[in-house]
Amino acid sequence: MCGIIGITGNKVNPEKAINMLSRLDYRGYDSAGIALNTGERVEIEKGKGKIQQAINKEKLPNRSEVALSHTRWSTHGEPSQENAHPHTDCEGEIAVVHNGIIHNHDELKEKLEKKGHEFCSDTDTEVIPHLIEERLNGREKNRKEVLKTIKKVKEQIKGEYAVVVSLKGRKELYGFKKDSPLCIGINPDGEENYFSSDIYSFSHLTNQSIALEDGEKALITPKGYQIYNGSLQKINRQPEKFEWNQEKTNKEEEHHMLSEIKEQPEAVKRLLKKQNEEGLGRLTQLIKNHERTVLTASGTSYHASLLGAHLLQDAGRETQAIIASEYQNYIKPGEKTLTIGVSQSGETMDVVKALKHAEQRNSTTSSIVNVPKTTIPRKTQHSVKIHAGQEIAVASTKTFTNQVTTFARISNQLGEQKNIKKLPIKIEKTINKNEETIKDLSKQLKEEKHIYIIGEGPTYPIAREIALKLKEIPYIHAEGMMGGELKHGTLALIENNTPVISLRTNDKMLKTEEEIRSKGAKIIPISTETELEIPEGNKIEKALCTNTIGQLLSYYTAKERNCPIDRPRNLAKAVTVQ
Ligand code: AGP
């Protein structure tokens, strides 16, 4: 789960590489590095920590024709300068950045060491430049030989990877991939081109990209690109235009997470305006044409799917939501099953694998995704966009709201009558009405070690989602559950003053609250008539307004605890490993 970038151009400088890399830091942020290839030498600057502290640009040449850069989320080898990318061969002439995991790296390293190669990191990646060096040893380093070498290296490595390679003396970059994402960006001025893990790194420079498929290899030069298939035959593929909303909202806050929470009314309005009726109609038709629908996703997108399943059930369709990493253990897909992958990033490996498994067993596949041109929409037979725009904070907030709104629209197309036109204004009201109360409450909650959140029906997924946010951002252990389930075990953990947030949607919850209050719990209710107050509305509106309160509570509690809100420890925005 790293971000990789390659730039070829006539005036590539460290600033440009750092700027593009900063746009990918949500993919990983424990270390970072840059290689600048001036033709005569390959200069590398890398280190531990976030990009600005890891890379001292003063140490780099201020101009080159080729640059590689990498922001890391470690899987093999702790975050350190040695383990940061780019990695090189013995001579420091071949530089490589990699996203993914090379599973057979131990065995390859042993063989290479026997041949005299010296390694200086604990990473799996370092075998790649040494394998290239080994194959090129004694050969001309021309384009033909480099491509043949890459083909050979691909045969040797096992795992998931997107790799970009730079060789001293060559004004071009080589890229290849399997399972991890890699795309090419084509600059319209004809003087610069890019490799990247995703379009966001170059979406301020161009709106034209090409997604590479597994098995393909590609090279880019300042003026062009070439793609090759597995047998090194040239492939003719034209760039595609993409549309990607990066508008700055007028709600620029101290953290991206708060800006994105406050942007939700706008994000829903954008969805209502832009979400293609035709595409949504096709998905609704697919749901109708299949006996059952399975929604598969991870984390927050799974919670949106749980609520989605509830809404589709309401509309009379047999639907279940399953965590993507468990799809194979719990679902027997087949022709009668429609599998819908739900994902903000469009790259979550667990979802990619679940969909692959579904397709291999003849299930029709579709997806609901935020980031365009990513693996999931490309690999499914049909896809719907949610138009939330760029979400930078690791915590998913506005994308959850737009995923649920999408499910609400589908259920309406299936015959439900849930008006969501007033949703933006109701979310806005919820924020305005509760923000100050939440700031005070977060001062009380900041020392808590455990928080329980109870819901039922449509607020059960919201209870789970609020719990996830409380774990992820202020690092408080939280459990989100069905109110009715508490008495079957968890009640034993309720002590004097244990905080229990009750998503009180009906009188049944009052009874549960009474029961836990008698055990000493401190009840914090959210309802249409309590201090934490949501507006009256239908179940979707109420659920999403309740969730907004949970988002703000997590945010302000994390602020009270001085947590790194937008970049929580050990996490990354796009989880591209299994
Ligand atoms: C939520 O705040 C997290 N960032 C995480 O749970 C996330 O929702 C999950 O990793 C799935 O990501 P996706 O939506 O990009 O597939």
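Both counts, for ligands and for their atoms, begin at 1 and track the order of listing. Source: prediction; values computed, not measured.
Numbered from 1 in the order shown, with element, the atoms of ligand 1 that lie under 4.0 Å from a heavy atom of L468 read 6 (O). The atoms of ligand 1 that sit less than 4.0 Å from any heavy atom of A395 are 2 (O). Every atom of ligand 1 is numbered from 1 in the order shown, and the set under 4.0 Å from a heavy atom of S345 is 13 (P), 15 (O), 16 (O). Under a 4.0 Å criterion applied to the non-hydrogen atoms of S396, ligand 1 contributes the atoms 1 (C), 2 (O), 4 (N), 8 (O). For ligand 1 and S343, the ligand atoms under 4.0 Å from any heavy atom of the residue are 13 (P), 14 (O), 15 (O), 16 (O). Taking every heavy atom of K469 and a limit of under 4.0 angstrom, the matching atoms of ligand 1 come to 1 (C), 2 (O). Close approach of ligand 1 to T300 (heavy-atom distance below 4.0 Å) involves ligand atoms 1 (C), 2 (O), 6 (O), 8 (O). Applying the 4.0 Å criterion to heavy atoms of S301 picks out, from ligand 1, the atoms 8 (O), 13 (P), 14 (O).
The CD1 atom of I534 lies 10.0 Å from the OG1 atom of T548; values are rounded to the nearest 0.5 Å. To the nearest 0.5 Å, atoms CG (L283) and CD (Q285) are separated by 10.5 Å.
Using a cutoff of 4.0 Å between basic side-chain nitrogens and carboxylate oxygens, E277 and R409 are scored as salt-bridged.
Annotation: side chain of Q320 is in contact with side chain of I331 (closest heavy-atom distance under 4.5 Å).
Applying the ring pair (Phe, Tyr, Trp, His ring centres under 6.0 Å) test to residues at least two apart or on different chains, the pairs with a partner in residues 427-453 are H450-H477.
Within the 4.0 Å heavy-atom criterion, neither part of E347 lies near ligand 1.
Residues passing the side chain to side chain donor-acceptor pair (under 3.5 Å) test with Q52: none are found, sequence neighbours excluded.
Assignment of V394 to the shell around ligand 1 is supported, since a heavy atom sits closer than 4.0 Å.
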Evaluate E435 against Y556 for side-chain hydrogen bond (donor to acceptor under 3.5 Å, both in side chains), listing each step before the verdict.
CA-CA 9 Å; E435 195 170 6; Y556 281 112; 2.5 Å; yes
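Below 3.5 Å of separation, one finds no N or O of V342 facing any N or O of ligand 1.
The aromatic rings of Y194 and F202 lie parallel to each other, with less than 30° between the two planes, well short of the 60° mark.
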